[in-house]
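See structure below.
Here the structure is a predicted model, which means the values were calculated and not measured. A note on names: the letters A, B, ... follow the listed sequences, proteins ahead of strands, and every chain is numbered from 1.
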Amino acid sequence: MRFSKLLIPTSKETPNDATLASHIYLIRGGFIQSVGGSGLYNFLPLGKRVLDKVKQVVKEELDRVGCQEVSLAFVTPASLWEESGRYEKYGKELLRFKDRKENVFVLGPTHEEMMVNLVRQSVKSYKQLPLNLYQINLKFRDEIRPRFGLMRGREFLMKDGYSFHADEADMKREFDLMEETYKKIFRRLGLEFRVVEADSGAIGGSGSKEFMVLADSGEDTIVVCDGCDYGANIEAAVRQEKVCDAPAPQLGKEKVHTPNASTMEELAAFFDVDPFYLVKTVAMRALYDEGRSEIVLFALRGSDALQEVKACNAVDANDLVEVSEEELASAGLVAGFMSPIDVPEGVRVIVDKTIEGATDMICGANEKEYHTTGNTIEGNLDYHDIVAVQEGDLCAKCGGELRYTKGIEVGHIFQLGTRYSEPLGATFLDENGKSQPMVMGTYGIGVSRLLAAIIEQYHDDKGCIWTKETTPFDLYILVSNVKDEAQMRSAQKLYEELSAEGVDVLLDDRKDRFGAKIKDFELLGIPYGVVFGKKLSEGSVEIIERKGLAKEEVSLDEIKDKIVAKVRG
RNA sequence: CGGAGUGUAGCGCAGUCUGGUAGCGCACCUGGUUUGGGACCAGGGGGUCGAAGGUUCGAGUCCUUUCACUCCGACCA
C-alpha cells in the first residue's frame, strides 16, 4: 500500500501522559489514538493491521486443536450475573446500566455467564461433550486507574474461551492442551514468556496458570527459581518453610511493659531477638457482599510480610482495606500491640500456617505498651498460607534460590470446575441418564494488551520493532526523493513485483525528505526497509534491517529475491 | 476512595499573581525553493479560554459551584 494514501499520523511529540515505551511508540507511530484520555483508544489502520495479525495467530492455533469460535452479545442482562452470584462480587469494575424499561444490564468484563447460558440452552447430553468455545471480542472493565495505553485500558480486546466437560479428568486434559496451545501462540508471536502458578481472583476456581511476558515494565511481580522451572505470581507463590539460626528467646510466659516498641524493628531491638520469634499482627477490614464488612487480624512471623491476595482469599472476602486507628480502638484493639491471642469478642483471626505450634513467640498483649512473651501458637485457630515469598527464600520444589522478576500478564487459564455450571444450571445427562453439572475450564488471552507487550519486549530508542508474525507490513520501501523519476519508477516496480509474490509492502511515496521518512521507518518498526536513493544511479539500493539497523547494499537485479528470502525465512 | 496537580487551536504550552483587542511552537492550507537523517521563504485558516453562576464599564485572569482529566498508592487479559 502507498503511505501517501494511508492514514498513518506519526508524530515527533511524545504524549505527555505516556511513560511506557509501548504507549509512546504506539501513539507516535499512529497505530492507536487516545479517545479523550480515560483508557479508551481507537485503532487506526496500522494498529488494526497488527491487531488482526495477532488475532489470526490466536485463532489459527485454537482452531487447530478443536476450539470453535462464536461471538457473544456484548451487552449482558444483569440477571445472569445475579444467577452466578458475581453481580455483587465483581465490584465497581463492572459497568452497570439500565435500558429505557429500567432493566439492568452490564458490559461484560469476561463472559462465563453468557457462555454458560449459551451452552445450557443447547447442550443436554454427554454425547455433545467436550466442547471448547471461544470468542475474540471487546471487554469492558471500569478500571480504577486506567494507564499505560493499551496495557491497562478500560475497553480492550480479549480472547476468552470456555470448555465444558463430563468430568474433572477430561477438563484437566483440556487444561493441559490449552497450556500447550498458548505456549505455541506466544512462541509464534515471538515473545519471551514464562508460565507461572497464579491466584484465581474474581473468576474463581482452583488450579490456574498465568502466561507472563518478561519485561521490566510489567505490573506483576513474579517469583522464579534459578534452579528449576518453578515460577509463580507473588500472589500465589510458595516457598520452603524458613528456619532461623538465631536462638529463640529464653523468656517465660510474662507480660512485659514495652513503651515505644510498636514496630517489628523496635520490638526486635527491645527484646534483642530475631524478628522470626515475633508475631506480626496486621489488621484489615474485609469487605463482603451487600456492604457487609468485618475487622480481621492476620498473624504471621515478624520476619515475614503479609500477602494481601492470599489474605483476602483466606477470609473469602471481596476486598481488604486498611483500618484506621479509631476503628481499631472501637473494636478494642491497639495498633502496635495487637495479638492473635485473647482477642476482643467479634474480631476474626487468621494465623499463618508456618507458626502453627510455634513456641517462645512474643506477641502484643492487646493492651497499650504491653507485649507478652513465651507464647505458643496452638489451639483451634484458623490457619492459612498468608505470607509473601521474598527474594532469597528457597524453592519448595528444588531448594534453589527464588528471585523476583516483572511480567506482563497476557494469558490466564483456569480450572473452573462447577463454579458457574452449578448456580447457572448447566447440566447434562450422563451415560446413566443422571443429571450432572458440566465441569468447566476458562482460558483468556489479552489480545490488545499483546500489542503493548510485544513493543515492551521489542523496541529501541527510535521506535517499535515488530516480530515477523505481528508486523503490519513485511517491507517498507523508502523513496528518498519522489520527484526523481528513476527512483520512483524502480521503487514502484519492486513494489508491484513483491506484492504479486504475496509480500505485504508499504511504499513510502510521500513528498517529504529522506530524514523524515527514515525516522518514520524506525518509528513504525517494520522488520525490513529498502531505500531507493543516491546509489540507484550505480544500480544499487540499500536494505535496512530494523532490528539493529544494519545496512546492506544490494544490486537492483538481486533485490527482489533477497527480500523474498528474508521475509519468508 | 486518599493525597498532589492540570483544564487556553488537532498536539505541546505561555498568558492568570497585577482584569483592558487571546498568543507561541509543532501540525494544517496556498505558492515557490529544497531532496540521504524530522528543510527554508512568503502568505493563510483554525478558539464558546472545561462548564454554570457571580463581581465589574469590561473576566482567560477575581469569587462561588461543578465537571473532566493527569500523576503517586489498593484491581486485572
Side-chain angles (χ1 to χ4, degrees), chain A residues 9-19 27-28 33-40 58 90-94 108-111 136-148 150-161 182 198-203 210-213 218-220 233 235 284-285 287 308-309 311-312 318-322 324 407-414 442-453 462 478-484 487-488 510-523 531-536 541-542 544 549 551:
Chain A
T10 60
S11 139
K12 270 191 286 191
E13 311 278 344
T14 297
N16 76 92
D17 61 328
T19 49
I27 298 267
R28 281 194 47 207
Q33 179 186 61
S34 161
V35 182
S38 192
L40 302 174
V58 172
Y90 216 87
K92 290 201 189 115
E93 268 171 59
L94 182 64
T110 165
H111 284 153
I136 301 177
N137 253 348
L138 282 178
K139 303 286 175 288
F140 191 91
R141 287 186 193 167
D142 201 353
E143 292 282 343
I144 304 162
R145 190 148 117 73
R147 59 184 136 176
F148 304 140
L150 292 186
M151 198 76 96
R152 178 169 297 279
R154 288 199 291 176
E155 186 180 281
F156 57 98
L157 195 67
M158 175 164 121
K159 171 262 156 177
D160 50 324
Y182 273 35
D199 171 64
S200 309
I203 309 283
E210 287 171 333
F211 293 75
M212 293 286 189
V213 168
E219 291 186 87
D220 285 278
N233 193 305
E235 296 170 354
M284 304 287 279
R285 178 168 291 279
L287 308 180
E308 276 196 34
V309 173
C312 189
N318 294 345
D319 201 5
L320 295 179
V321 294
E322 308 224 334
S324 68
I408 301 166
E409 185 186 351
V410 292
H412 200 158
I413 59 178
F414 300 81
T442 180
Y443 320 96
I445 293 180
V447 176
S448 49
R449 175 181 282 181
L450 270 169
L451 305 212
K462 294 183 159 56
L478 194 159
V479 182
S480 182
N481 178 2
V482 295
K483 287 200 179 156
D484 182 321
Q487 283 183 21
M488 200 56 209
R510 293 174 300 168
K511 276 171 72 181
D512 295 71
R513 315 177 88 202
F514 176 82
K517 294 196 229 187
I518 193 84
K519 289 281 186 199
D520 276 348
F521 164 71
E522 287 160 354
L523 180 59
V531 178
F532 284 80
K534 280 182 168 169
K535 308 247 172 61
L536 188 66
V541 293
E542 207 170 57
I544 305 175
L549 294 174
K551 297 177 182 177

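- Nucleotides rC29(B) and rU16(B) have their C1' atoms positioned 33 Å apart, rounded to a whole Å.
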Does Val541(A) form a side chain to side chain contact (heavy atoms under 4.5 Å, CB included) with Leu536(A)? I'd like the steps, not just the answer. CA-CA 6 Å; Val541(A) 293; Leu536(A) 188 66; 4.1 Å; yes
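- By the salt bridge (Lys or Arg N to Asp or Glu O under 4.0 Å) test, Arg147(A) is found to be paired with no residue, residues two or more places apart in sequence or in another chain being considered.
- Across rU33(B) and rG20(B), the matching P atoms stand 45 Å from one another, rounded to whole Å.
- For the C1' atoms, the distance linking rU8(B) with rC49(B) amounts to 4 Å, nearest Å.
- Here the separation of rA51(B) from rG7(B), taken at their P atoms, is 13 Å to the nearest Å.
- Contact of Arg152(A) with rC75(B) (side chain to base): a donor-acceptor pair of N or O atoms is detected under 3.5 Å.
- The partner of rC11(B) is rG25(B), by the rule that a Watson-Crick or G-U pair needs both atom distances under 3.5 Å.
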Please tabulate, one pair per line, each protein N/O and nucleotide N/O from nucleotides 9-14 of chain B that are separated by under 3.5 Å, including the distance.
from: rG12(B); atom 1: OP1; to: Asn16(A); atom 2: ND2; distance (Å): 2.9

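- Between Phe211(A) and Tyr182(A), the two ring planes are tilted [angle within 30° to 60°].
- The base of rC76(B) is not paired with the side chain of Arg154(A) by any donor and acceptor separated by under 3.5 Å.
- Arg141(A) has its CZ atom 10 Å from the C1' atom of rC75(B), to the nearest Å.
- Considering only residues two or more places apart in sequence or on other chains, Asp220(A) meets the side chain to side chain donor-acceptor pair (under 3.5 Å) condition with Asn233(A).
- For the C1' atom pair drawn from rA22(B) and rG15(B), the interatomic distance equals 8 Å after rounding to whole Å.
- Across all strands shown, Glu143(A) has heavy atoms under 4.0 Å from base atoms, whether or not it also approaches the sugar-phosphate.
- With sequence neighbours excluded, the residues forming a side chain to side chain contact (heavy atoms under 4.5 Å, CB included) with Lys535(A) are Glu538(A), Ser540(A), Glu542(A), Glu553(A), listed by chain and number.
- Applying the side chain to side chain donor-acceptor pair (under 3.5 Å) test to Glu93(A) and every residue at least two apart in sequence or in another chain returns nothing.
- rG60(B) and rC13(B) have their C1' atoms separated by 15 Å, given to the nearest Å.
- Rounding to whole angstrom units, CD of residue Glu308(A) and P of rG73(B) are separated by 14 Å.
- A search for side chain to side chain donor-acceptor pair (under 3.5 Å) contacts involving Arg513(A) returns nothing, not counting sequence neighbours.
- Across the interface with RNA chain B, nearest-nucleotide mapping of Gly444(A) and Val321(A) shows Val321(A) to be the residue nearer the 5′ end.
- Here Asp220(A) lies in heavy-atom contact (under 4.0 Å) with a base.
- Taking atom P in both rC11(B) and rG47(B), one finds a spacing of 14 Å when rounded to whole Å.
- Going from the P atom of rG50(B) to that of rG12(B) covers 14 Å, rounded to whole Å.
- Under the rule for a side chain to side chain donor-acceptor pair (under 3.5 Å), Arg28(A) has no partner lying at least two apart in sequence or in another chain.
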What does nucleotides 33-41 of chain B look like as a protein-contact string, B for base, S for sugar-phosphate only, - for none, at under 4.0 angstrom between heavy atoms? -BBBBBB--
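- If you take CG of Leu94(A) and P of rC75(B), they are 18 Å apart, rounded to a whole angstrom.
- Applying the side chain to side chain contact (heavy atoms under 4.5 Å, CB included) rule to Ser480(A) yields the partners Gln487(A), Phe514(A); only residues at least two apart in sequence or on another chain are considered.
- Summarising the geometry, the separation between CZ on Phe148(A) and P on rA77(B) is reported as 17 Å, rounded to the nearest angstrom.
- Within the nucleic acid shown, Gly153(A) comes within 4.0 Å of at least one base atom, counting heavy atoms only.
- Here rC1(B) presents its P atom at 13 Å from CG of Asp142(A), a figure rounded to the nearest Å.
- Taking atom CD1 of residue Ile413(A) and atom P of nucleotide rC76(B), one finds them 18 Å apart after rounding to whole Å.
- If you take CZ of Arg147(A) and C1' of rC75(B), they are 10 Å apart, rounded to a whole angstrom.
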